[in-house]
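Worth saying up front: this structure is predicted, and the values here are computed from it rather than measured. Excluded from the calculations below are hydrogen atoms, water molecules and symmetry mates; all remaining heavy atoms, backbone and side chain alike, are included. We count residues from 1, following the sequence as given.
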Amino acid sequence: MSKPYVRLDKNNAAVLLVDHQAGLLSLVRDIEPDRFKNNVLALADLAKYFGLPTILTTSFEQGPNGPLVPELKEAFPDAPYIARPGQINAWDNEDFVAAVKATGKKQLIIAGVVTEVCVAFPALSALEEGFEVFVVTDASGTFNALTRDAAWDRMTAAGAQLMTWFGVACELHRDWRNDIEGLGTLFSNHIPDYRNLITSYSTLTSGK
């Protein structure tokens, strides 16, 4: 049975970046490392572009998981930053849940490492509490396609929507008449082919 189309609303969405840590990133093998990092930073850029409340969290930083990727901390210097002392599921940490609920948003855009644990566990927990959950698949990573697909199946069965960062950006934007230059620049910074498209557009329009 098909479900009604629930679309992202930039006025009702928050971004959760879960455990994008230096050590954990070395485990990601279901997507090429440079592309994966580009996708994570693209998600961060679109969160800033749309002014979405963003929450950063890490797990056991002092252990092998390592510190948060520095670019994310630099991108959100004033965002809630919850360094969990040991909880594997971020939703088991009271400070994290309090930060999520403090945003007042009901739509949660989640990405993290690794997909079947750091993304799936809080996603399932948030769904259980009535949030609408959107998982950014290409800004989340894990060991291989088998573990990734199992996680995707589990989350979708519970009601999560799987998206890419580009799809998230377009659904939030809704209408190109809202802004061409800003979003076009964001896309060009993270998609080489899109830069060609924008260059072509700029050349044509500048000649008018």
Side-chain angles (χ1 to χ4, degrees), residues 5-11 13-22 24-52 54 56 68-76 107-115 118-119 123 133-149 151-153 155-156 160-208:
Y5 175 26
V6 177
R7 68 173 70 186
L8 280 166
D9 177 357
K10 65 184 179 182
N11 297 311
V15 174
L16 312 182
L17 299 177
V18 185
D19 302 353
H20 288 100
Q21 295 166 249
L24 292 175
L25 254 64
S26 68
L27 301 176
V28 176
R29 291 290 180 270
D30 62 322
I31 185 168
E32 191 267 330
D34 289 342
R35 182 177 300 174
F36 176 64
K37 191 166 186 179
N38 172 72
N39 294 342
V40 173
L41 297 181
L43 176 59
D45 282 351
L46 76 85
K48 290 194 295 181
Y49 174 79
F50 290 106
L52 305 181
T54 301
L56 309 173
L68 182 73
V69 173
E71 291 93 334
L72 293 181
K73 186 61 178 168
E74 291 168 9
F76 303 101
Q107 296 185 331
L108 303 180
I109 301 167
I110 303 179
V113 184
V114 293
T115 307
C118 307
V119 178
V133 173
F134 301 79
V135 175
V136 188
T137 57
D138 55 354
S140 302
T142 188
F143 307 106
N144 53 53
L146 180 66
T147 52
R148 177 196 66 205
D149 293 351
W152 287 355
D153 287 347
M155 288 186 282
T156 54
Q161 295 194 48
L162 304 184
M163 300 185 70
T164 63
W165 74 261
F166 186 79
V168 167
C170 291
E171 192 159 86
L172 289 167
H173 199 55
R174 300 283 179 93
D175 192 321
W176 272 112
R177 290 169 294 184
N178 291 330
D179 172 46
I180 297 173
E181 298 298 328
L183 194 64
T185 298
L186 191 158
F187 288 164
S188 297
N189 286 342
H190 295 283
I191 306 173
D193 290 342
Y194 211 95
R195 186 177 296 113
N196 296 336
L197 183 153
I198 292 296
T199 299
S200 175
Y201 166 77
S202 300
T203 302
L204 289 171
T205 54
S206 63
K208 292 181 180 180

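Using a 4.5 Å cut-off on side-chain heavy atoms (C-beta onward), L25 and V40 make no contact. For the pair D179/Y49, a side-chain contact is recorded, criterion being any heavy-atom separation below 4.5 Å from C-beta on. In this structure, L43 and L41 have side chains that are not in contact, with every pair of non-hydrogen atoms separated by 4.5 Å or more. Using a 4.5 Å heavy-atom threshold, the side chains of Q21 and L72 count as separate. Between M155 and V119 there is a side-chain heavy-atom pair separated by less than 4.5 Å. The side-chain heavy atoms of W152 and T137, taken from C-beta on, include a pair separated by under 4.5 Å. Counting only heavy atoms from C-beta outward, the side chains of W176 and L183 approach each other to under 4.5 Å. In this structure, V136 and I109 have side chains that are in contact, with non-hydrogen atoms separated by less than 4.5 Å.
Taking the six-membered ring where the residue is Trp, F187 and F166 present tilted rings, their angle falling between 30° and 60°. Ring geometry, W165 versus H190: the interplanar angle exceeds 60°, so the pair is classed perpendicular (tilted spans 30 to 60°).
Atoms CG and CG, on L46 and L52 in that order, are 7.0 Å from each other to the nearest 0.5 Å. The distance from the CG atom of D19 to the CG atom of L56 is 11.0 Å, given to the nearest 0.5 Å. Separation of atoms OG (S188) and CG (D193) is listed at 10.5 Å; rounding is to 0.5 Å. E171 CD to T164 OG1: the interatomic distance, rounded to the nearest 0.5 Å, is 10.0 Å.
Without hydrogens or angle criteria, S140 side chain to G112 main chain gives a donor-acceptor distance under 3.5 Å. At least one donor-acceptor pair closer than 3.5 Å links the side chain of Q107 to the backbone N or O of D9. Side chain of D45 to main chain of L186: no donor-acceptor pair is present (N/O by atom type, distance under 3.5 Å, no hydrogens or angles). Formation of a donor-acceptor pair under 3.5 Å by the Q161 side chain with backbone atoms of R7 is not found in this model. At distances below 3.5 Å, not a single donor-acceptor pair connects side-chain atoms of D138 with backbone N or O atoms of N39.
The two residues A145 and D30 have their closest heavy-atom pair at N-CB, 4.2 Å. Of all heavy-atom pairs between T156 and D153, the closest is OG1-O, 3.1 Å. The two residues R174 and L8 come nearest to each other via the heavy atoms NH2-O, 2.8 Å. Residues A47 and F76 approach most closely at CB-CZ, 4.1 Å, considering heavy atoms.
Remark: N144 engages T147 in a side-chain hydrogen bond (donor to acceptor under 3.5 Å, both in side chains) (not counting sequence neighbours).
The number of heavy atoms from other shown groups lying within 6.0 Å of CZ (R35) does not exceed 12.
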